[in-house]
Amino acid sequence: MEPTLELDAVRKTFGDFVAVDSVSFAVPKGSLFGLLGPNGAGKTTTIRMVMDILAPDRGEVRLFGRPRSRGDLRRIGYLPEERGLYRRMTVADQLVFLGELQGVPRREAGRRAEHWLERLELGAWAKAKVEALSKGMQQKIQIAGTLLHEPDLLILDEPFSGLDPINQGVLKEVLSELRGRGTTILFSTHIMEHAEKLCDRICLISGGRVVLEGELAALKRARGGNVYRLFADGSLDGLESVPGVTQVVRKGDGEARLLLGPEADPAAVLAALVDRTRVREYRSEEPDLETLFIQAVRDAS
Amino acid sequence: MRAETVRTIARREYLARVTTKGFWIATVTLPLLMAAMVFLPSLVLLKAKATHRMAVVDETGELGAALVEALAPEPGPRREARDLEALGERQTEEQTARFVVELVAPGEPEAQRAALDARVLAGEIDSWIRLGAGQLAGGKVEYRAASVSNFLTQKRLEGALSRVVSRARLEGAGLDAARVSELTRATELDTVRVSERGSRAEGGMAGFFLAYFLFFLLYMVVAIYGQQVLNGVLEEKTTRVVEVLLATVRPVELMLGKLAGIGLVGLTQLGIWLATAVALTAPGVVGAMAWLPEGKMPQVAPGVVVHFLLLFLLGYFFFATLYAAIGAASNNLQEAQQFAGVVVIFLVAPVLLMMPVINDPDSVLAVVVSLIPPFTPLLMMLRIAVKMPPAWQVALGYLLSGGFTLLLVWLCARIYRVGILMHGKKPSLAELWRWLRYA
């Protein structure tokens, strides 16, 4: 099946700085796709190139199985990283305006705006001016604004940032719901937990390059063998020097994830660990995204 | 480009401005001021039109009666009252109190002065004068009143006195009364403005004031609405609304929608203002103002209004387009003002050229400067208001200025398109040039 969105060796430079370097990935129809990476990795630049706000220096963006056209952009709902609303407009007017720009008739746009405001628990604020609302509320309004024309593809740049845990929960529900109805969703985040439970596919970028891409479950399976969880009563300092351990990800008091090198013998590592600290638990596990990410970045460099 | 999208954007821009209190305050204030200028003087004068009671101590035995007659209201329609001393006095008569004169037989001067002063203070009479026996030989007349600031009343009294005295002198010199009346007939100026639509009576200064008023009104609205475009573009850029919009809208659609919406706000406001001006200066209304000498009020003709609105659109699009590009290229208001300072020169230059153009609207200088595209809206308006220029000049002005503005819209759209998403440092002129050429 044709992917809904496909990037082929896209590159963007600003002066001497290479922001995005030959990034390729495909977002299959109906998937919930996470574009992950640390701050400054090139996520926003990539998304802006998808939205035709920035022109790539090289490479191609394909939408809905063909080279991108202006008309196709109207089938996308887009939440930019920098939020922006008309501050002196009322919430309802603002949404209707955005809906109309996306080609929804005014009356219908009003009906849908009402629906989404209710769904995002903002029904009471429809007549309020945007400037009277908190940042989190404004963000939810802007998310509602991306949904009015029932887009086939939703592109959300850092949709969770600025939302409290309750609203993050509401947003996750909404995204799952939309995906259930067949909407393809791409969102970016630098917080791995947000992608962990939601995404079925991810693309990790770092320094403008793709370091890991594919189906999340498959990626975890492929890399699962090398990750061990360690609980210990003693100090966890200096474990990096244990032969076979390539990286230690501290998880909190007395807990760490150890990444072992491909050749390492887990039993030998355990023996070495016992010499250094009081091990309570040591077991193999599926890596979480954060671990995968750190591993991938390390492998890439 | 989708007309529907441009319309949606224009509609938002329009409603966002027309629904503010500030817009309506500004829109209503100017007509109120105009109405105040027309109606207030008549209200003030109505009050002054109360009777002025004056006692006249007549020692001459003849001047008193003549003065009573001279101060009596002029019979017959105003325009036929030609034999007054001067136009100014005729106006004075129309605008001052009706005199009620009480002739008092002369008594012992000191006692009579005290008695009459007492009556003034008691409010029984407003003033009194003494016409001395030697009045015909010359000398001043003492005017005694509680208030001496009603200069229009005094001026009229003075005029009537001079006339009465000079007639008496002429009669004293042996001329008969009818001959005197004939000899003292006044001459007055009747100003008539000649235009191609036929001549009509108008005050000498009226044409100047109308031209002045329309010129600065146009200057003001072009500057204000141009600035609104600048602010609007900057607001969208700094609040980053523009990134949401540009996901579905082309930059040129956004720019044109904004220009159209804000331009319509300007047209709405001007429509209300000019309709008020036309209504207030219509002959019917002016005629109803008894105090206003007919034809003294500059009339705002509907034809001039049409030119005004068209020239507003030309001037607005010229400046607003430049301001849109400036707003898009700048990161904040301070930066934008630096660029805007350059553009304002095009707006200020016509102000400097205003006096020469008013004085001689058909001079080579006036014709040439009014055909320079950036100056056309303001200076052609000035010329039209003063004296309708030849049709070919007006047409050429519209053509040149319109074509130039279209070219400017095209150029500015290119700068706008790049600048609106560019954040960071202020672009240099070289960069702006590159944006122009960037396809």
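Predicted, not measured: the structure shown is a model, and the values here were computed from it. Reminder, nothing fancy here: chain letters follow the sequence lines and each chain counts from 1.
When each of I155(A), D52(A), L79(A), I53(A) is scored by its heavy-atom pairs under 4.5 Å with chain B, the top score falls to I53(A). Comparing E243(B), R2(B), R12(B), R11(B) by heavy-atom pairs within less than 4.5 Å of chain A, the highest count is held by R12(B). Taking chain B as the reference chain and counting heavy-atom pairs below 4.5 Å, the highest number among L85(A), L54(A), T146(A), I76(A) is found for L85(A).
Of all heavy-atom pairs spanning T248(B) and R74(A), the tightest one is O-NH1, 4.0 Å. Across V244(B) and P80(A), no two heavy atoms sit closer than the pair CG2-CG, 3.7 Å.
In this structure, W125(A) places its CH2 atom where only 12 or fewer heavy-atom neighbours from other residues, nucleotides or ligands lie under 6.0 Å away. Shown here is R209(A), whose CZ atom has no more than 12 heavy atoms of other residues, nucleotides or ligands within 6.0 Å. Residue F346(B) places its CZ atom among 12 or fewer non-hydrogen atoms of other residues, nucleotides or ligands, all under 6.0 Å distant. Other residues, nucleotides and ligands contribute at most 12 non-hydrogen atoms within 6.0 Å of the CD atom of E114(A). Within 6.0 Å of atom CZ in R119(A), more than 12 heavy atoms from other residues, nucleotides or ligands are found, so the atom counts as buried in its surroundings. The 12-atom threshold is exceeded at NZ of K172(A), counting heavy atoms of other residues, nucleotides or ligands nearer than 6.0 Å.
Using a 4.5 Å heavy-atom threshold, the side chains of E100(A) and E4(B) count as separate. Contact annotation: the side chain of L98(A) approaches that of L245(B) to within less than 4.5 Å [non-hydrogen atoms, C-beta and beyond]. Side-chain atoms of Y86(A) and E236(B), non-hydrogen and from C-beta on, do get closer than 4.5 Å to each other.
Distance check: T19(B) OG1 to D93(A) CG gives 8.5 Å after rounding to the nearest 0.5 Å. Atom CD in E131(A) sits 12.0 Å away from atom OG1 in T239(B) (nearest 0.5 Å).
Looking at L101(A), both its backbone and its side chain come within 4.5 Å of chain B, counting heavy atoms on both sides. With a 4.5 Å cut-off on non-hydrogen atoms, I9(B) touches chain A through its backbone and its side chain both. With a threshold of 4.5 angstrom between heavy atoms, E253(B) does not approach chain A through any atom at all. Of the atoms belonging to R106(A), it is side-chain heavy atoms, and not backbone ones, that fall under 4.5 Å from chain B. For R250(B), the parts lying near chain A are the backbone and the side chain together; criterion is any non-hydrogen pair under 4.5 Å. Of the two parts of A16(B), neither the backbone nor the side chain holds a non-hydrogen atom closer than 4.5 Å to a non-hydrogen atom of chain A.
Salt-bridge formation is not detected for the pair E81(A)/R240(B): no Lys NZ or Arg NE/NH1/NH2 atom is positioned less than 4.0 Å from an Asp or Glu carboxylate oxygen.
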